[in-house]
Every structure is written in structure tokens, then in C-alpha cells.
Amino acid sequence: MSANILHPEKIEIVDFKIIKAQINSPFDFENEKIAAHTFNVDFELGFNLSDKLIKADFSVNVETKSNEDNTEEATGNFSFVYVFYVDNIEELTILENDKTITVDPALGNALASITYSTSRGILMTRFQGTVLSDFILPVINPNDLIKKGRK
């Protein structure tokens with residue numbers, strides 16, 4: 001893999017699905033008692049090198065943290081799948097003898113960035129008018145998302 005071979009115009013989202021979309025809001029939940037939100041994300045890549053496809057699985061779990069007693073916290077659980085076509089995938093990946101794939105860091109960063117940011121926008125619209133309307137996925141370093149996905 002050589003430097004400067006990532007060409008954003010050669011990356012295309014060819015499929016997208018929301019696999020899970022669930023918001024649980026207890027009947028007697030009081031929004032004004034929300035002090036904060038906690039969240040966690042999962043990110044994983046899968047490869048079909050012969051078809052030049054990369055699948056990104058991304059999930060988000062959000063929970064309210066109330067400063068007073070709400071009988072139960074509200075939660076949101078979402079799972080997304082993105083399929084990317086990468087025209088020059090052979091320049092950006094190496095298939096090792098043990099069948100592991102080494103990905104150019106720039107490609108990994110680009111896919112993590114696209115996946116995370118697109119999901120943030122979808123969540124913002126899905127959370128409107130719900131108990132989670134004040135939650136927005138924060139801006140993160142996409143490399144941290146990739147590292148988390150390797151664990």
C-alpha cells in the first residue's frame with residue numbers, strides 16, 4: 001500500500017439498512033429529570049475483496065441518566081449496516097496468508113467517518129420528538145472507532 005492512494009470519489013455507499021431501531025421510554029418518565037446520557041458504539045468491518053465490497057456494521061446504545069428518581073431510564077438501541085463499493089480496493093487492502101486483511105489506515109478512517117457521521121444524522125432525526133431528542137452522538141476520532149472494533 002502506497003501513500004495517497006485513497007480517492008474518496010472511488011468509495012460509494014451501495015446499500016444501507018437499519019437493522020434495529022428501538023426507543024424505550026417508560027410511561028411515567030419525566031424528561032426534565034435527565035441529567036446526562038451515556039452511550040456506547042460498536043463498529044465492525046467485513047470484506048468481499050473479489051466484488052470490491054466492504055460491509056460496515058455499526059450499533060449504538062443510548063441511556064438517560066436522571067438526577068432524580070425516574071422509575072426506569074429511557075434507552076435507544078440502533079443497528080445499521082452499510083455496504084461500500086471501493087473501486088480501488090486492491091490498492092488499499094492486503095490479504096495475508098492466514099486470511100486476515102490489512103486495511104490501509106486512510107480507508108479505515110474514511111469508512112469509520114462516513115459510517116459514524118451518517119448514523120449521527122439518522123439518529124438526530126429518529127430521536128426528534130422522543131425522550132432522547134437532546135442526545136447527539138459526539139464528534140470522535142474515527143481511528144478510536146476502528147481500534148475499538150478490533151478488540
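Residue numbers run from 1 in the order of the sequence given. It should be emphasised that the depicted structure is a prediction, and the values quoted were computed from it without experimental measurement.
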Distance col, row Ile54:CD1 vs Phe47:CZ, nearest 0.5 angstrom, shows 5.0 Å
- Report the C-alpha separation of Ile13 and Val83 in whole Å, then their side-chain angles, then the decisive distance to 0.1 Å, and conclude whether the side chain to side chain contact (heavy atoms under 4.5 Å, CB included) test is met. CA-CA 6 Å; Ile13 299 174; Val83 178; over 6 Å; no
Which of parallel (below 30°), tilted (30 to 60°) and perpendicular (above 60°) describes Phe80 and Phe16? parallel
Tested for side chain to side chain contact (heavy atoms under 4.5 Å, CB included) against Glu91, the lone hit among Thr93, Asn88, Ile89, Asp87 is Asn88
- Message: Is the shortest side-chain heavy-atom distance between Lys55 and Leu45 below 4.5 Å?
- Response: no
Examine distances only and state if a side-chain atom of Ser119 and a backbone atom of Thr115 form a donor-acceptor pair shorter than 3.5 Å. yes
Note: Phe135 and His37 closest approach over all heavy atoms is CD1-CB, 3.6 Å
- Message: Just by distance, no angles: are the side chains of Asn61 and Ser59 close enough, under 3.5 Å, to form a donor-acceptor pair?
- Response: no
Sorted by chain and number, sequence neighbours left out, side-chain contact (heavy atoms from CB on, under 4.5 Å) with Leu95 holds for Leu49, Ile101
For Ala74 and Val131, the nearest pair of non-hydrogen atoms, with its separation, is CB-CG1, 3.4 Å
*Given the side-chain rings of Tyr82 and Phe58, with only the six-membered ring counted for Trp, is the space between their centroids under 6.0 Å?*
no
On a heavy-atom basis, the closest approach of Thr75 and Glu63 is CG2-CG, 3.9 Å
_With heavy-atom distances below 4.5 Å as the criterion, would you say the side chains of Leu92 and Val103 are in contact?_
no
Partner of Ser79 under side chain to side chain contact (heavy atoms under 4.5 Å, CB included), picked from Asp57, Ile19, Ile18, Val60, is Ile19
Using a 4.5 Å side-chain heavy-atom cut-off and chaining through intermediate ILVMFWY residues, the residues clustered with Met124 come out as Ile136
Scanning both residues in full, the closest heavy-atom pair of Ile146 with Ala112 reads CG1-CB, 3.9 Å
**Prompt:** Can you list the steps and then say if Val62 with Thr38 is a side chain to side chain contact (heavy atoms under 4.5 Å, CB included)?
**Reply:** CA-CA 6 Å; Val62 180; Thr38 60; over 6 Å; no
Using a strict cut-off of less than 4.0 Å between a Lys/Arg side-chain nitrogen and an Asp/Glu carboxylate oxygen, indicate whether Lys52 and Glu90 qualify as a salt bridge. yes
key: Neighbour count >12 (heavy atoms, 6.0 Å) for atom NZ, Lys10   = yes
Give the C-alpha distance, both sets of side-chain angles, the deciding distance and a yes or no for side chain to side chain contact (heavy atoms under 4.5 Å, CB included) between Arg120 and Val139.
CA-CA 9 Å; Arg120 179 190 302 117; Val139 175; 3.9 Å; yes
* Asked: Hey, is CZ on Arg126 packed in by over 12 heavy atoms from elsewhere, all under 6.0 Å?
  -> no
One should read off an interatomic distance between Leu137 CG and Ser117 OG, to the nearest 0.5 angstrom, of 9.0 Å
Applying side-chain contact (heavy atoms from CB on, under 4.5 Å) to Ser133 and not counting sequence neighbours gives none
Output for pair (Ile11 CD1, Tyr85 OH), nearest 0.5 Å, gives 12.0 Å
According to a hydrophobic-cluster definition based on side-chain heavy atoms being under 4.5 Å apart (Ile, Leu, Val, Met, Phe, Trp, Tyr only), do Leu53 and Ile114 belong together? no
Nearest heavy-atom contact between Asn109 and Pro142 is ND2-CG, 3.6 Å
Margin query: Using the rule given for side chain to side chain contact (heavy atoms under 4.5 Å, CB included), can you reason through Lys33 versus Asn67, listing the C-alpha separation, both sets of side-chain angles and the distance that settles it, and then say yes or no?
Written below: CA-CA 6 Å; Lys33 293 182 179 179; Asn67 58 11; 4.1 Å; yes
Distance col, row Asp144:CG vs Tyr116:OH, nearest 0.5 angstrom, shows 10.0 Å
With the 4.5 Å side-chain cut-off for hydrophobic clustering, are Val81 and Phe84 part of the same group? no
For Ala106 and Leu6, the nearest pair of non-hydrogen atoms, with its separation, is O-CD2, 3.5 Å
Hydrogens and angles aside, do Thr64 and Glu73 bring a side-chain donor and acceptor to less than 3.5 Å of each other?
yes
Do the side chain of Asn141 and the main chain of Asn143 share a donor and acceptor less than 3.5 angstrom apart? yes
